[in-house]
Amino acid sequence: MSADFGPLEAALRARRSAGGKALVPYLTGGLGDWQGALAAAADAGADAVEVGIPFSDPVMDGPVIQEANDQALAAGITPLAVMDALGRLDIGIPVGVMTYYNIAFRFGLERFASVLAERGVAAAILPDLPLEEAGPWTEAADAAGVETVLLAAPTASDERLGRICARTRGFVYGVGLLGVTGVREELAASAVVMAGRLKQMTDVPVLVGVGVGTPQQAEEVCQVADGAVVGSAVVRRMLDDEGPAAVGDLVGQFRRALD
């Protein structure tokens, strides 16, 4: 793999080069035995994992992930505690964090980026940070060697999508529908359209998330996309407190669907 790519992008490109589809589950940091759940997800065939750093006002997230944030915060989890725990874990696949800009800003952008890098975290997703205002963060992240994954919304113009694709690292996160995260009855048509638009304009891996809640929906969107991000369905298992094995079982179902 080219040294030009960080560990996350390298892993996703390797899966694609081998003719496969990438699977990136999202888990909430600080919720139950979340570290065991991460290891179980890795063992079940995830290509990378996205760990949510809980925030009190997660504007992109629906009721399931909001509830997970609330429970983790009530249990006393802090951003630094999540990052420190990640620094002690070695699950054999790249780890990214997803959180909100307020947390990075309060930390100090350079410090946040360097703490992530020191803890072995490959990438960061800050969904409420618009491209036009991302410069100071992306500069700090690039300097620390942290891949900044940018989101691409279904409402964006082709011109804007082109700028997002040029700036993203790791993968470009195609948002499958207008609305917040959560499991839907069926895959939104916009998810496949989004994947197709992005695939036409970039060689960076294109993964679709938000509204991809079942193995069948992941398989459907991956007819076009390079992979899927699965959040609420996984976090639901964590909230039901079924333990890491239940998370591993669900991730395994998605893995088999994509293979």
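Values below: every heavy atom of this structure, side chains too, minus hydrogens, waters and symmetry copies. Since the structure is predicted, the reported quantities are computational estimates derived from the model, not experimental observations.
Taking every heavy atom of both residues into account, Val208 and Gly176 meet most closely at CG1-CA, 3.9 Å. Nearest heavy-atom pair across Ala72 and Pro54 is CB-CG, 3.7 Å. Heavy atoms only, all atoms of each residue included: Met98 and Pro127 are closest at CE-CG, 3.6 Å. Listed here is the closest heavy atom pair of Ala11 and Pro94: CB-CG, 3.8 Å. Among all heavy-atom pairs drawn from Val59 and Asp128, the shortest one is CG2-CB, 4.2 Å. Minimum heavy-atom separation, Met201 to Arg197: CG-O, 3.4 Å.
Within the 4.5 Å cutoff, the side chain of Val206 has no heavy atoms near those of the Cys165 side chain. Residues Pro154 and Val193 fail the side-chain proximity criterion, which asks for heavy atoms closer than 4.5 Å. In this structure the side chain of Leu27 reaches within 4.5 angstrom of the side chain of Val247, judged on heavy atoms. Leu80 has its side chain within reach of Phe107: a pair of non-hydrogen atoms, C-beta onward, lies under 4.5 Å apart. Residues Leu86 and Val97 are in side-chain contact: their nearest non-hydrogen atoms beyond the backbone lie under 4.5 Å apart. With a 4.5 Å cut-off on side-chain heavy atoms, Arg15 and Lys21 do not count as touching. The shortest distance between side-chain heavy atoms of Glu50 and Pro25 does not fall below 4.5 Å. Taking 4.5 Å as the limit, every side-chain heavy atom of Val230 sits out of range of all side-chain heavy atoms of Val24.
Between the Gln217 side chain and the Gly213 main chain, a donor and an acceptor come within less than 3.5 Å of each other. A distance-only check finds a donor-acceptor pair linking the side chain of Asn69 to the backbone of Phe55 [under 3.5 Å]. A donor-acceptor contact shorter than 3.5 Å is absent between the side chain of Thr28 and the backbone of Ala68. A donor-acceptor pair is defined here as one N or O able to donate and one able to accept, closer than 3.5 Å; no such pair exists between the side chain of Thr148 and the backbone of Thr138. A donor-acceptor pair is defined here as one N or O able to donate and one able to accept, closer than 3.5 Å; such a pair exists between the side chain of Glu9 and the backbone of Gly170.
The only member of Leu151, Val204, Val172 that meets side-chain contact (heavy atoms from CB on, under 4.5 Å) when paired with Ile164 is Val172. Screening Val121, Val95, Leu89, Thr99 for a side-chain contact (heavy atoms from CB on, under 4.5 Å) with Val51, the sole residue that qualifies is Val95.
Residue Arg237 holds its CZ atom at 8.5 Å from CG of Asp240, rounded to the nearest 0.5 Å. Taken to the nearest 0.5 Å, the CD1 atom of Ile93 stands 10.5 Å off from the CG atom of Asp90. Note: Leu207 CG to Phe171 CZ = 5.0 Å, rounded to the nearest 0.5 Å. Once rounded to the nearest 0.5 Å, the distance linking CZ of Arg119 with OG of Ser114 reads 8.5 Å. Atom-to-atom distance recorded for Glu67:CD and Ser232:OG is 11.0 Å, nearest 0.5 angstrom. Of the inter-residue distances, the one linking Leu73 atom CG with Gln71 atom CD reads 10.5 Å to the nearest 0.5 angstrom.
When only modelled atom types and interatomic distance are considered, Tyr100 and Asp61 share a side-chain donor-acceptor pair under 3.5 Å. Residues Glu219 and Gln223 bring no donor and acceptor atom of their side chains to less than 3.5 Å of each other.
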If you apply the rule side-chain contact (heavy atoms from CB on, under 4.5 Å), what do you find for Met194 with Val221, and how did you get there? CA-CA 10 Å; Met194 188 78 234; Val221 81; over 6 Å; no

Salt bridge (charged side-chain N to carboxylate O under 4.0 Å, His left out) between Asp203 and Arg13, worked out: CA-CA 9 Å; Asp203 181 52; Arg13 284 177 176 272; 2.8 Å; yes

Verify side-chain contact (heavy atoms from CB on, under 4.5 Å) between Tyr101 and Arg106, making sure each step is shown before the conclusion. CA-CA 8 Å; Tyr101 184 66; Arg106 287 292 301 273; over 6 Å; no

When you look at Asp43 and Arg255, which way does the salt bridge (charged side-chain N to carboxylate O under 4.0 Å, His left out) test go after all the steps? CA-CA 11 Å; Asp43 289 345; Arg255 180 74 274 162; over 6 Å; no

Passes side chain to side chain donor-acceptor pair (under 3.5 Å), Gln216 versus Glu220? Steps please. CA-CA 6 Å; Gln216 294 71 27; Glu220 202 179 321; over 6 Å; no

Between Leu12 and Asp47, is the side-chain contact (heavy atoms from CB on, under 4.5 Å) condition met? List the steps. CA-CA 7 Å; Leu12 300 181; Asp47 293 282; 4.1 Å; yes

Between Asp226 and Lys199, does a salt bridge (charged side-chain N to carboxylate O under 4.0 Å, His left out) hold up when you go through it step by step? CA-CA 9 Å; Asp226 296 314; Lys199 287 291 293 174; 2.8 Å; yes

Could you walk me through whether Gln253 and Asp249 pass the side chain to side chain donor-acceptor pair (under 3.5 Å) test, one step at a time? CA-CA 6 Å; Gln253 292 174 37; Asp249 176 59; 3.1 Å; yes

Are Trp34 and Val82 close enough, and set up right, to give a side-chain contact (heavy atoms from CB on, under 4.5 Å), and what steps lead you there? CA-CA 10 Å; Trp34 66 280; Val82 172; 4.0 Å; yes

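Leu198 is not connected to Leu23 by any chain of hydrophobic side-chain contacts under 4.5 Å among Ile, Leu, Val, Met, Phe, Trp and Tyr, and they are in different clusters. Hydrophobic clustering (side-chain heavy atoms under 4.5 Å, transitive across Ile, Leu, Val, Met, Phe, Trp, Tyr) keeps Leu150 apart from Val175. In the hydrophobic cluster analysis, where Ile, Leu, Val, Met, Phe, Trp and Tyr join through side-chain heavy atoms closer than 4.5 angstrom, Leu131 is grouped apart from Tyr173. Follow the hydrophobic side-chain contacts under 4.5 Å out from Val146 and you reach Leu129 in the same cluster. A continuous path of ILVMFWY side-chain contacts below 4.5 Å connects Leu258 to Val251, so both sit in one hydrophobic cluster.
Using a 4.0 Å cut-off between a side-chain N of Lys or Arg and a carboxylate O of Asp or Glu, Glu132 and Arg160 qualify as a salt bridge. By the 4.0 Å N-to-carboxylate-O rule, Asp142 lies close enough to Arg167 to be salt-bridged with it. Between Asp84 and Arg88 there is no salt bridge, since no side-chain N of the basic residue sits under 4.0 Å from a carboxylate O of the acidic one.
Relative ring orientation between Trp137 and Phe112 is described as tilted, the plane-to-plane angle lying within the 30° to 60° band.
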